[in-house]
Amino acid sequence: MSDRVVIVGASVGGVRTAQDLRRLGYDGDITVVGEESEQPYDKPPLSKQLLLGKQSEADISLLGEGGWDAIATEARLGVRATSLDIDSMVVNLADGEELEYDALVIATGVRPRTLSPELTELDSVFTVRELRDSRALAARAHLGPVVVVGAGFIGAEIASSFRSLGTEVTMTEALSTPFARALGPEVGGLLTDLHETNGVNLATEAAVTAIEKSGDLTLVRLVDGRVLEAATVVLGIGAVPNCEWLEGSGLKIEDGVFVDAGCAVLANGVGPHAEGVYAIGDVARQVDPSTNKDYRVEHWTNAVEQAHVVARQIVDPVAVPEPLKAPYFWSDQFGTKIQMVGRPAEATSVSLHHFETAGAERTVALYKNAGRLAAAVTLGWPRAIAACRKAWESGSSVADLPAVLADLADRARSAAI
Ligand SMILES: Cc1cc2nc3c(=O)[nH]c(=O)nc-3n(C[C@H](O)[C@H](O)[C@H](O)COP(=O)(O)OP(=O)(O)OC[C@H]3O[C@@H](n4cnc5c(N)ncnc54)[C@H](O)[C@@H]3O)c2cc1C
């Protein structure tokens, strides 16, 4: 067993790895390195509960009572890891410290894309990844119109939160249907309805050509010549993995750090693996052994599940990794829980199914490929997603799923009588 575990990234995946190591009985040293100086906090509430004032900063702490001491972990916060030497098994920090490891967990996540570097100079233009972003945005709800650039999940959550606070919101999207990039036009249409019903202005086929200040206003120029006036602009145009610090380390990196099914890092030219090095969460690009395809998944549950896989391997190096689970994601918009399992991009067709549960209509989108379930999205029906997840993981025929969901709906109706 390793005596010294170093974890780089003090957030969702990194902190969970330290907690799981202690839960599994690991009694060696653990050091967590984090670039942010904040104590670790959860990320999903930044665009919703925290912005809406439904949760406080204390509520979203990732450490339990007793903080770092409770998991006997040393934290180096406010300092970046700058390079890795896999031969001498050392991580170098920006302050000159060198940390030796027997096991290293890379959990450095992603950072938001921006349209141009100059935009970071504008005090009215934001991205959302850190606590300070959410804090700053919460203070701007009363300042006037918000323009959200990009109708992806984070953009849509920001639009939903500001609208719920009574702020005028316009969301722009380069494609003709918002949300279509991730979910296709069918589910994109449903989410468009949800946003329009709740008063979000949608500007589609509206690539942004420029963002500039004009007095107190920020002007968002669209490709069709329109100009949107905003007090605040939020960019939700995707993210890039934080793996530059690993350049030159010999690890296999291409839009993420390549890992095997057990999250062990694959090395270039120095053998199949870098000894004792793992990567998890948003930064990891995992190879699915059953298809040999690789995926980088920016979902909270993925980071937490991979943290567990790695902690188990560090404690028990001969443990066989569990089979990969269905990718799972949720989002909360206008009081509706949107949940997804699987990979919509791999579907060849999509069908929408409507069910009557206890007094409410529920919609499930089934994405299919060769008779199998490629993905499923449910709107406001958490119980259905478990059935879809089971079908995805078992690889069973998708043909049976509508009947399974109809049965769930029947039972929900009977229980309500
Ligand atoms: C606003 C927002 C809302 C979200 N909502 C949802 C949701 O509703 N549902 C869902 O499934 N997922 C959601 N996610 C995604 C989810 O939070 C991520 O998938 C999860 O946080 C990934 O965990 P991670 O440990 O890989 O990365 P992170 O939690 O991002 O942690 C990475 C950490 O590494 C640090 N770091 C980076 N580089 C270095 C370095 N060189 N040295 C030291 N530290 C470094 C970063 O500062 C960061 O703190 C949301 C994300 C955001 C930002």
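Both counts, for ligands and for their atoms, begin at 1 and track the order of listing.
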Q: Would you tell me which option among A107, S47, S331 has the nearest heavy-atom contact to atom 32 (C) of ligand 1?
A: A107
Q. Numbering the atoms of ligand 1 from 1, which are under 4.0 Å from a heavy atom of S11?
A. 28 (P), 29 (O), 31 (O), 33 (C), 49 (O)
**Q.** salt bridge (Lys or Arg N to Asp or Glu O under 4.0 Å) partner of K43, the single match among E36, E157, E130
**A.** E36
Q) Any N or O of W300 that comes nearer than 3.5 Å to an N or O of ligand 1? A) yes
**Q.** ligand 1 N/O within reach of E130 N/O, cut-off under 3.5 Å
**A.** no
Q) For the side chain of R80 and the backbone of L93, is there at least one donor-acceptor N/O pair under 3.5 Å apart? A) no
Q | Backbone of D255 reached by a side-chain donor or acceptor of R285 within 3.5 Å | A | yes
Q | Close-contact set for ligand 1 against K48 heavy atoms, below 4.0 Å | A | 5 (N), 6 (C), 7 (C), 8 (O)
Q) For ligand 1, is any non-hydrogen atom under 4.0 Å from W330's backbone (N, CA, C, O), its side chain (CB onward), both, or neither? A) both
Q) Which ligand 1 atoms, with their elements, are less than 4.0 angstrom from a heavy-atom of V8? A) 42 (N), 43 (C)
Q | Identity and separation of the nearest protein heavy atom to atom 14 (N) of ligand 1 | A | P44 CG, 4.2 Å
Q | Heavy-atom nearest option to atom 47 (O) of ligand 1, drawn from R80, H299, E36, R16 | A | E36
Q) Nearest to atom 41 (N) of ligand 1, what protein heavy atom do you find, and at what distance? A) A81 O, 3.1 Å
Q: Describe, in one word, how the ring planes of F355 and W381 are oriented to each other, choosing from parallel (under 30°), tilted (30 to 60°) and perpendicular (over 60°).
A: tilted
Q: Give the C-alpha distance, both sets of side-chain angles, the deciding distance and a yes or no for side chain to side chain donor-acceptor pair (under 3.5 Å) between W300 and D42.
A: CA-CA 9 Å; W300 187 93; D42 208 5; 2.8 Å; yes
(Q) Whether the side chain of Y328 engages the backbone of M340 through a donor-acceptor N/O pair (distance < 3.5 Å, no angle test) should be reported. (A) no
Q. Is the ring centre of F329 less than 6.0 Å from the ring centre of F153?
A. yes
Q: Between G9, S37, G109, flag the one that comes closest to atom 27 (O) of ligand 1 by a heavy atom.
A: G109
Q | ligand 1 contact on D332 by region, counting heavy-atom pairs under 4.0 Å | A | neither
Q: Report, in ascending order of atom number, the atoms of ligand 1 lying under 4.0 Å from any heavy atom of G281.
A: 26 (O)
Q: Any atoms of ligand 1 less than 4.0 Å from a non-hydrogen atom of G13? List them with their elements.
A: 23 (O), 24 (P), 25 (O)
Q: Using the side-chain contact (heavy atoms from CB on, under 4.5 Å) rule, pick out the option among S160, S164, S161 that qualifies with K48.
A: S161
Q | Contact atoms of ligand 1, heavy-atom distance to E298 under 4.0 Å | A | 15 (C), 19 (O)
Q | N242, portion touching ligand 1 at heavy-atom distance under 4.0 Å | A | side chain
Q: Measure from the side-chain N and O atoms of K54 to the backbone N and O of L50, and report whether any donor-acceptor pair falls under 3.5 Å.
A: no
(Q) Give the atom numbers and elements of ligand 1 that come within less than 4.0 Å of a heavy atom of A303. (A) 22 (C), 23 (O)
Q) With a 4.0 Å cut-off on heavy atoms, is R111 touching ligand 1? A) no
Q. Identify the closest protein heavy atom to atom 37 (C) of ligand 1: which residue and atom is it, and at what distance?
A. T108 O, 3.2 Å
Q. Hey, is R163 close enough to E168 for a salt bridge, meaning N to O under 4.0 Å?
A. no
Q. For atom 44 (N) of ligand 1, which of E35, Q306, Q339 has the closest heavy atom?
A. E35
(Q) Would the distance check show the side chain of E173 and the main-chain N or O of A151 forming a donor-acceptor pair, the cut-off being under 3.5 Å? (A) yes
Q: Look at the side chain of R372 and the backbone N and O of W392, then say whether any donor-acceptor pair between them is shorter than 3.5 Å.
A: no
Q: Specify the protein heavy atom at minimum distance from atom 30 (O) of ligand 1: its residue, its atom name, and the distance to 0.1 Å.
A: R129 NH2, 2.7 Å
Q. Does a donor on one side chain and an acceptor on the other come within less than 3.5 Å for Y295 and E346?
A. yes
(Q) My understanding is that only one of D102, D29, D27 makes a salt bridge (Lys or Arg N to Asp or Glu O under 4.0 Å) with R4; could you say which? (A) D102
Q.
Starting from atom 17 (O) of ligand 1, what is the nearest protein heavy atom, named by residue and atom, and what distance separates them?
A. K43 CB, 3.3 Å
Q: Among all protein heavy atoms, pick out the one at the shortest distance from atom 21 (O) of ligand 1; state its residue, atom name and that distance to 0.1 Å.
A: V12 CG2, 3.2 Å
Q) What protein heavy atom sits nearest atom 19 (O) of ligand 1, and how far off is it? A) D282 OD1, 2.8 Å
Q: Could you tell me the separation between the OG1 atom of T17 and the OH atom of Y26, rounded to the nearest 0.5 Å?
A: 12.5 Å
Q. Which protein non-hydrogen atom lies closest to atom 52 (C) of ligand 1, naming both residue and atom, and how far is it?
A. I154 CD1, 3.6 Å
